[in-house]
Each structure stands twice: as structure tokens, then as C-alpha cells.
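All remarks here apply to the structure that follows.
Computed from heavy atoms alone, side chains included, the values below leave out hydrogens, waters and symmetry copies. Atoms within each ligand, like the ligands themselves, are counted from 1 in listed order.
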Amino acid sequence: MPTPCVRAPVVEGEETRQALAERGLLDGDREIDVEDGEIFVPVVDGDAARAAGYDVVEREAAEREGHTPPAEVLGFEPSYERLGDVVILDEDDPERARAIADAVVESDVPCGTVVNRASKVAGEYRVREWDVLHGTDTETVHREYGHEFRLDIAEVYFSPRLATERHRVVEQVAAGERVVDMFAGVGPFAVPMAARGAEVLACDVNPAAIRYLRENAERNGVADRVTALEGDVRETTAEYADWADRVVMNLPHSAEEFLDTAVRLAGDDCVLHLYDIQHEDDPFGPGERAIRAAAEPEGYEVEVLTRREVRSYAPHEVNVCLDVRIRRA
Ligand code: SAM
């Protein structure tokens with residue numbers, strides 16, 4: 001019997017599957033299929049998936065055999081993210097978290113470790129604490145848009161939810177560009193940008209992030225185009241004034257404090273990608289004003305190319321990105 005399936009490019013497969021699971025739309029009783037570079041993910045409600053903006057087609061999807069999906073054990077569809085073989089829960093109730101972890105382990109969801117969020121992202125390194133509910137190893141290898149990233153979630157920041165947003169920015173990069181990634185983490189912007197032929201200066205203050213970043217550059221065959229600088233980007237980049245064609249600033253909450261550095265790094269014609277978290281009533285105004293205040297006195301004209309809402313962050317707060325071109329008049 002034909003089943004509604006969400007169709008997506010295969011490189012977006014895991015992200016699509018996770019997003020559908022989070023919305024409670026994934027049909028875990030049927031097999032996901034791949035054909036001609038496209039993935040077909042069975043869903044329980046084709047109309048709801050269509051309304052959510054997905055491309056939905058009807059096709060045969062075989063029943064999955066010999067497994068018990070977590071939802072069947074639990075009686076509800078749990079929400080979780082996968083980062084490599086680490087399954088990440090976001091549950092306030094420890095008993096509910098334990099029940100989901102047990103059900104995930106019993107099911108055929110590939111997983112080595114199950115963790116629950118035990119704190120907010122905090123500190124200079126933007127790392128969380130985790131309750132480890134199953135397994136022990138918080139280091140894993142995660143794939144995103146065809147690149148592999150080794151990382152330890154106990155030591156570094158990484159959010160698989162930002163995959164689509166990172167891909168949007170990466171796709172703007174042309175071969176030969178000079179890019180500064182001011183807050184590079186383990187390299188999810190820097191590595192794919194280098195793979196497109198950019199020369200990337202990747203900075204981070206967290207020594208563990210820099211260690212993984214270097215390993216990930218090697219792992220993905222782009223080490224010759226990635227220079228990793230460990231330390232505060234305001235101090236480590238002194239030699240790179242007027243250097244960059246593009247600057248990525250993914251440190252929402254405090255990126256504005258680093259705009260003077262970004263402008264110092266910018267060449268005569270440069271695109272800034274400023275991530276910010278602001279109230280929904282004026283999500284882009286503060287970032288835009290801050291960029292103008294840093295760039296215009298230095299003789300730059302400022303042109304906002306894109307105002308993008310990336311995701312909701314908290315009630316009435318949104319995570320946004322401003323793509324802004326600054327050009328010396
Ligand atoms: N861009 C990466 C990503 O998408 O996964 C990481 C983003 S994370 C939100 C911000 C990163 O900025 C963290 O890895 C943190 O260690 C780094 N960081 C914070 N303050 C910094 C500073 N003053 N100089 C350089 N890096 C800094």
C-alpha cells in the first residue's frame with residue numbers, strides 16, 4: 001500500500017529524519033529508502049508534513065521487521081537528536097529520560113551512548129553538562145553534509161540542529177576566498193568552506209575544539225587550506241588585518257563585542273555572517289546597528305544582504321543571522 005514519504009536530497013537525509021522525528025511525523029514502522037540521490041522518509045501524516053513545508057510523495061515503503069521502535073515500548077514518540085552514535089535527550093524529568101534511554105537502547109536506533117542535557121550551554125567554551133544514561137563514551141564521529149567531525153560533547157560545542165543553516169552559508173563560498181571563522185569550534189563551517197576551495201583561518205579559544213578542528217581538517221582532506229589559531233580571536237589574528245573576504249561570527253549573545261575585530265580582519269569588500277539572539281520584536285535591529293557602528297567609522301558602506309531567522313531559541317527570543325556586505329567606499 002502506498003505510504004506518504006518525505007523526499008529530500010540524500011545529503012540532508014539524517015537531518016530530515018531527525019526533524020520529522022522531533023515533529024512526531026516519522027513513521028518508524030516503515031523502511032527509509034534511497035534512490036537516485038534522494039531519500040524517502042515514511043511519515044505518519046502526509047498532510048501535516050506537507051503543511052510543514054516538506055516535499056511529500058506517495059510510494060511503497062516496506063515494513064521494518066524484527067525491531068521494536070522506542071515509541072512502541074514507551075507508548076509515545078520520544079524526541080531525541082543523534083550526533084554520530086550519541087543519542088541526545090532534552091528531558092526535565094529524570095524518570096522520563098531514563099525510560100526513553102532504555103527504550104532507545106532496546107530498539108534498533110544505532111547508539112553507543114545516551115545522554116540527557118544537564119545544564120544550559122555555558123561558559124566561554126559554550127559547553128554543556130550531560131547526564132550519561134547509557135554507555136560511557138561522549139566522543140563520537142558525526143557526519144554533516146558529507147563531512148566527518150570527531151568531537152566530544154563533554155569538551156566542545158556542537159549543535160546538529162544548525163546543519164541546514166551552516167550549509168546555507170557554506171554554499172555562498174567561492175574557491176579562492178579568504179575566510180575567517182572567528183568562533184570555529186570543531187570546524188563545521190571551516191572544513192566544508194575549505195572543501196569548496198577557500199583558504200580558512202579558523203579560531204577558537206577552547207584547546208579541545210582546536211585539537212578536534214585540526215583532526216577534522218585532516219580527516220576531510222583540507223588541512224592544507226585550514227589554519228587553526230588557538231586563543232582569543234581578538235589577540236591571535238593580529239597578523240591578518242585587511243585579509244578576509246568573508247568572516248563568520250557564530251557566538252550568539254556576545255558576537256557584537258567582537259565586531260571591531262571582524263572589521264579589522266575585513267578586506268576592502270567583505271561579507272560578515274553575524275549570529276545573534278534577540279527578542280522577536282526586533283530580531284535584526286541590534287545586530288545591524290552594531291555592524292554600522294563598527295564599520296562605518298572605518299570607511300565602509302554597509303549593505304544587509306539577508307536577514308534570516310535560524311530557529312526559535314526561547315519564548316520570544318530568536319536565533320538569527322545577518323549576512324552583511326561591507327565595502328570600502
Ligand atoms: N562555529 C562552531 C559551530 O557552529 O559548531 C562553534 C560555535 S560555538 C557557539 C562558539 C565557539 O566560540 C566555542 O567553541 C568557543 O570556545 C569559542 N569562543 C568563545 N570565545 C572566544 C574567543 N574570545 N575567541 C575565540 N573563540 C571563542
Side-chain angles (χ1 to χ4, degrees), residues 15 81 83-84 86 88 117 119-129 139-145 147-173 179-194 198 200-217 220 226-238 240 244 246-262 264-265 272-277 287 308 310-311 313-314 317-321 323:
E15 186 197 334
E81 283 178 283
L83 189 62
V86 176
I88 299 176
R117 290 186 172 95
S119 77
K120 293 191 167 172
V121 165
E124 195 179 26
Y125 298 168
R126 313 307 295 147
V127 177
R128 288 180 197 278
E129 288 173 23
E139 185 182 72
T140 190
V141 176
H142 181 68
R143 286 186 73 80
E144 184 170 294
Y145 285 95
H147 294 105
E148 284 189 357
F149 300 94
R150 183 183 289 279
L151 63 123
D152 186 335
I153 55 167
E155 286 194 84
V156 297
Y157 174 93
F158 193 93
S159 172
R161 287 187 195 175
L162 298 177
T164 309
E165 168 56 19
R166 286 192 280 257
H167 187 59
R168 180 188 76 83
V169 171
V170 166
E171 280 195 307
Q172 298 176 32
V173 172
V179 179
V180 180
D181 186 355
M182 290 177 68
F183 312 105
V186 302
F189 285 101
V191 165
M193 285 179 169
V200 183
L201 184 65
C203 311
D204 207 288
V205 74
N206 179 350
I210 290 291
R211 196 176 73 240
Y212 282 117
L213 170 67
R214 290 195 172 119
E215 179 181 336
N216 292 330
N220 291 281
V226 176
T227 302
L229 293 182
E230 181 184 320
D232 187 325
V233 64
R234 289 169 290 203
E235 291 156 18
T236 54
T237 53
Y240 289 87
R246 188 179 298 279
V247 176
V248 182
M249 304 182 71
N250 181 18
L251 185 63
H253 285 305
S254 33
E256 288 172 14
E257 294 164 25
F258 294 81
L259 275 168
D260 289 350
T261 304
R264 174 170 54 74
L265 291 167
L272 309 181
H273 303 279
L274 176 78
Y275 288 90
D276 204 359
I277 290 174
R308 180 171 163 82
V310 177
R311 58 174 172 164
Y313 181 76
E317 280 194 311
V318 276
N319 183 189
V320 296
C321 182
D323 298 345

Exercise. Measure across Ile210 and Ala202 and return the closest heavy-atom pair with its distance rounded to 0.1 Å.
Key: CD1-O, 4.2 Å
Quiz item: Does a side-chain heavy-atom distance below 4.5 Å link Tyr240 with Leu229?
Solution: yes
Quiz item: Can you find a heavy atom in the side chain of Val169 that is under 4.5 Å from one in the side chain of Tyr275?
Solution: yes
With only distance considered, is [X] within less than 3.5 Å of ligand 1 through an N or O on each side?
| X | value |
| --- | --- |
| Asp204 | yes |
| Arg126 | no |
| Phe183 | yes |
| Pro252 | no |
| Asn250 | yes |

Exercise. For Arg166, counting its heavy atoms only, list the atoms of ligand 1 lying under 4.0 Å from any of them.
Key: 3 (C), 4 (O), 5 (O)
Quiz prompt | Atoms of ligand 1 close to Gly231 [distance to a heavy atom under 4.0 angstrom, numbered from 1] | solution = 24 (N), 25 (C)
Say whether, by atom type as modelled, one donor and one acceptor occur between the side chain of [X] and the main chain of [Y] under 3.5 angstrom.
| X | Y | answer |
| --- | --- | --- |
| Arg150 | Val141 | no |
| Asp204 | Gly231 | no |
| Asn216 | Val186 | yes |
| Arg234 | Thr261 | no |

In terms of residue, atom name and distance, what is the protein heavy atom nearest to [atom]?
| atom | answer |
| --- | --- |
| atom 24 (N) of ligand 1 | Val233 N, 3.0 Å |
| atom 21 (C) of ligand 1 | Val205 CG1, 3.6 Å |
| atom 19 (C) of ligand 1 | Glu124 O, 3.1 Å |
| atom 8 (S) of ligand 1 | Tyr157 CD2, 3.4 Å |

Exercise. Determine the sole option in Met249, Met182, Gln172 for which the side chain to side chain contact (heavy atoms under 4.5 Å, CB included) test with His273 is passed.
Key: Gln172
Taking heavy atoms and a distance under 4.0 Å, where does [X] meet ligand 1: side chain, backbone, both or neither?
| X | value |
| --- | --- |
| Pro188 | side chain |
| Met182 | backbone |
| Ala184 | backbone |

Practice problem: Indicate the ring-plane relationship of Phe149 and Phe158, choosing parallel, tilted or perpendicular according to the 30° and 60° boundaries. | Solution: tilted
Practice problem: State whether Glu165 and Arg311 are salt-bridged, where the test is any N-O pair (Lys NZ or Arg NE/NH1/NH2 against Asp/Glu carboxylate O) under 4.0 Å. | Solution: no
Quiz item: From Leu162 CG over to Arg168 CZ, what is the distance, rounded to the nearest 0.5 angstrom?
Solution: 11.5 Å
Does [X] come within less than 4.0 angstrom of ligand 1, counting non-hydrogen atoms of the residue?
| X | result |
| --- | --- |
| Phe258 | yes |
| Gly187 | no |
| Leu251 | yes |

